[in-house]
Number of protein chains: 2
Amino acid sequence: METETLDCLSRLAPDLMEDMRQRAAVLERISALQPVGRRALSQRLRLPEREIRAICDRLKDDGFLAVAASGMTLSEKGTAALPGARELVHALSGLSTLENALTRALNVGRVCIVPGNADLDPEVLHEAGRLAARHLTALLRDGMTLTVSGGTSVAAVAQAMPRGTHRLNVHVLPARGGLGMALETQAGTLAAEIARALGGRHSLLHVPDQISPDALKALLVMPEVRETIRALHHTDVLLYGIGRAEVMAASRSLPEAEIRGILSRGAVGEAVGNYFGADGRLVFQASEVGLSGEELRQVPHVVAIAAGAIKARAVIAVMRHHHHELLVIDEGAAREIMKVM
Amino acid sequence: METETLDCLSRLAPDLMEDMRQRAAVLERISALQPVGRRALSQRLRLPEREIRAICDRLKDDGFLAVAASGMTLSEKGTAALPGARELVHALSGLSTLENALTRALNVGRVCIVPGNADLDPEVLHEAGRLAARHLTALLRDGMTLTVSGGTSVAAVAQAMPRGTHRLNVHVLPARGGLGMALETQAGTLAAEIARALGGRHSLLHVPDQISPDALKALLVMPEVRETIRALHHTDVLLYGIGRAEVMAASRSLPEAEIRGILSRGAVGEAVGNYFGADGRLVFQASEVGLSGEELRQVPHVVAIAAGAIKARAVIAVMRHHHHELLVIDEGAAREIMKVM
DNA sequence: TCCCGCTGGCCTTATATTGTCCCAACGGAT
DNA sequence: ATCCGTTGGGACAATATAAGGCCAGCGGGA
């Protein structure tokens, strides 16, 4: 859907196109949350319930919606109209233009932008997760090795992973052993969750970042650990969330002095325990085990996810270090990136 | 403006797109009739005056309209948005699709369709005239010879001809002398009017269709007549209206027997005094003087105009005889042509 | 110059939309 | 079986919007 026609329409009748965007957005949201009711929709779309009701009545009359006691569902006709609606809401929010600009500016294979700002609306992160999950499954092939990081962003992807639709024999690995965070956002937990959703298998890597050389040596002789590390180096697809250096450094239980050291060397972005400066230079890596900063450059398919305007500089830093096939961010991050670049 | 996006929008929200179409149509109409008021607009667009008023208020708020005591005018912004509005109303009425279909079906260089049906609304003919006039001036170059037929369609073109905007040294000729109709729709009158509008010169051809061989011979030795006929054969651009055979035959003062003869030979369409069968075969020509049916094939640029569903079969007949660069018809004719072909 | 017809603006009334609250019913979890 | 949360639908008042008619002012034609 080219943007020129829509621009013309928006200039001629901004009010009508705004209505149009809302209608398309409602349809899109219903498809993502079905079966769903007016109240839930009004929360997600930040619109008065009455307005949602009016729009839904309209969509219902037009035959796009099937209503049940449990909520509203897309009818067959609605499903058919969905792709168009998706493109529409995207283009009308100006996100297509943003995506193109960022694809060039960041030298990424493809940038996908989700509407909203995760800093203000936690739901946006989930939507980003849904989108990343869709693209990820499209990328995966039978027999591939998928490596994932920890963090809330990847957790959102795991949660949104389509469950058992088509079983894929995928081997899912954690990018590192890191035990610094809550269990439900650790890489190992997420690897297991994603593997279960896909119908594949997973391995774990119980190697803390802060580990004595002796202990490390002892762990490395264990067959499962060696096997997992070996598999890591044959990663086909890598999925990670991008973090802010200061936040990530603080959340890993590093000595205060070391944190200051990392930051004083200009670290702004983090990915898989590696810290990058604003120019994309690798300035620190948290552990010897797992994918090193240099190895990130070797992975065939790199998918990154980040949400929130606050992560803009971190995203830029990581993008500059190595090439990404896909970057999923939210509108807040996207606009901020455009602003500071 | 590609039609796919608009189709998608129309499917998703037909009501909004209808509003959009109306708004664009109002803008377009104002540009054609400016300065103009609500009442005139409501007549032309067949909408309640109050609705026109609402739309205009909206357009005014958006800065597309400049209001004066003498009526509404397009502002600079409005003029800038006009091309888009034009394409829009065209595409949303499905006329673009129709044009493409007819261009192929009739093997014409280009088909232009004006909304409405001249059979029901005389204003449509004027609009067709305006459109043809625009395209005609775009076709003309300094020093060219333009030949025109008579009839109400060409009269509408003459009336809508932009007056004295850029003076063109064009020589305008009547396609034949024909004295069968009212003065103001005779070819000579129209040639004069168009020449005056363009700032060129014109010649006349006072040779009645029904003339005795002796009288004809006498006329043909007159220098002005010979000179005009010579110029006719160097026509660069030919503009004519397409007529229905039965109507045209009756309006020219032909003997009753001859009329029946022409029609019995299957004549359905007429152009410049030549009668064509449904298959495009030339079945009769009214006069020895002027452009013969065969000569029509030699003219570099042929522009035809016809309005009204009732002329559908006549248009098809003429189109089949020789190639046209441009055909301007109204929506009524266009849809009827599609139906009967 | 004057007058007629046209224009946009304004005021009043009718209608549609919106905001708010409630309700009966269904589903899922306990 | 029962309870809780959520669903769509309905009712109704407040408000915004649309419709209709009237009027003053300006411009073109006589």
Side-chain angles (χ1 to χ4, degrees), chain A residues 13-23 25-78 122-123 126 159 163-164, chain B residues 13-23 25-78 123 126 159 163:
Chain A
D15 53 333
L16 293 180
M17 285 320 270
E18 175 55 23
D19 284 4
M20 184 73 80
R21 199 187 61 78
Q22 284 186 359
R23 205 177 289 194
V26 168
L27 196 77
E28 192 277 333
R29 227 76 282 276
I30 292 178
S31 92
L33 302 167
Q34 59 184 318
V36 69
R38 299 184 306 236
R39 279 159 261 256
L41 279 178
S42 81
Q43 281 189 342
R44 298 297 163 86
L45 287 164
R46 310 192 163 280
L47 284 175
E49 183 192 331
R50 203 57 175 75
E51 203 156 333
I52 294 285
R53 185 181 216 171
I55 296 175
C56 285
D57 285 350
R58 184 71 222 203
L59 289 173
K60 219 179 298 174
D61 288 347
D62 290 351
F64 292 111
L65 263 44
V67 308
S70 58
M72 294 175 287
T73 311
L74 286 198
S75 70
E76 197 170 332
K77 185 178 173 187
E123 173 58 23
H126 293 132
Q159 194 187 330
R163 313 270 149 180
Chain B
D15 52 334
L16 293 180
M17 286 319 270
E18 175 55 22
D19 284 5
M20 185 73 81
R21 199 186 62 78
Q22 283 186 359
R23 204 176 289 195
V26 168
L27 197 77
E28 192 276 335
R29 229 75 280 278
I30 291 178
S31 93
L33 302 166
Q34 60 182 319
V36 69
R38 299 178 306 221
R39 274 161 260 259
L41 279 177
S42 81
Q43 281 188 343
R44 297 297 162 82
L45 287 163
R46 311 194 162 278
L47 286 175
E49 183 191 331
R50 206 57 177 71
E51 203 157 334
I52 294 285
R53 182 177 225 172
I55 296 175
C56 285
D57 286 349
R58 184 75 223 198
L59 289 173
K60 219 178 298 173
D61 287 347
D62 290 351
F64 292 111
L65 263 45
V67 307
S70 58
M72 293 174 287
T73 312
L74 286 198
S75 71
E76 197 171 331
K77 186 177 172 189
E123 174 58 22
H126 293 131
Q159 194 188 329
R163 312 270 150 180

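Chain letters run A, B, ... following the sequence lines, proteins first, then strands; residues in each count from 1. Predicted model, so just to flag it, every value in this text is computed and none were measured.
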Show me the protein contacts with nucleotides 21-24 of chain D, counting only N or O atoms at under 3.5 Å.
residue	atom	partner	partner atom	Å
D:dG21	O6	B:R53	NH1	2.6

Do side-chain atoms of A:S75 reach the backbone of A:G63 as a donor and acceptor pair under 3.5 angstrom?
yes
side-chain contact (heavy atoms from CB on, under 4.5 Å) assessment of B:T73 paired with B:I30
CA-CA 7 Å; B:T73 312; B:I30 291 178; 5.9 Å; no
Is any side-chain N of the basic residue among A:R58 and A:D61 closer than 4.0 Å to the acidic one's carboxylate O?
no
Under 3.5 Å, side chain of A:K60 to main-chain N/O of A:M72, donor-acceptor pair present?
no
Quick check for you: name the first and last nucleotides of DNA chain C, 5' to 3', having an atom under 4.0 Å from a heavy atom of chain B.
C:dT7 to C:dC10
How many whole angstroms separate atom CG of A:L59 from atom C1' of D:dG8?
15 Å
Between D:dT17 atom C1' and B:R58 atom CZ, what is the distance in whole Å?
13 Å
What distance do B:I52 atom CD1 and B:D57 atom CG have between them, rounded to the nearest 0.5 Å?
11.0 Å
A:Q43 side, atom CD; A:E49 side, atom CD - distance, nearest 0.5 Å:
10.0 Å
Is B:P48 touching bases, backbone alone, or none of the nucleic acid, heavy atoms closer than 4.0 Å?
nothing
Grab the CG-C1' distance between A:D15 and D:dA16 for me, whole Å please.
15 Å
Is any side-chain heavy atom of B:R23 closer than 4.5 Å to one of B:M20?
no
I'd like to know whether A:Q22 forms a side-chain contact (heavy atoms from CB on, under 4.5 Å) with A:E18, so could you lay out the CA-CA distance, the side-chain angles of the two residues, the decisive distance to 0.1 Å, and finally the verdict.
CA-CA 6 Å; A:Q22 284 186 359; A:E18 175 55 23; 3.5 Å; yes
Given DNA chain D, 5'-ward residue of the pair A:A40 and B:E51, judged by closest heavy atom
A:A40
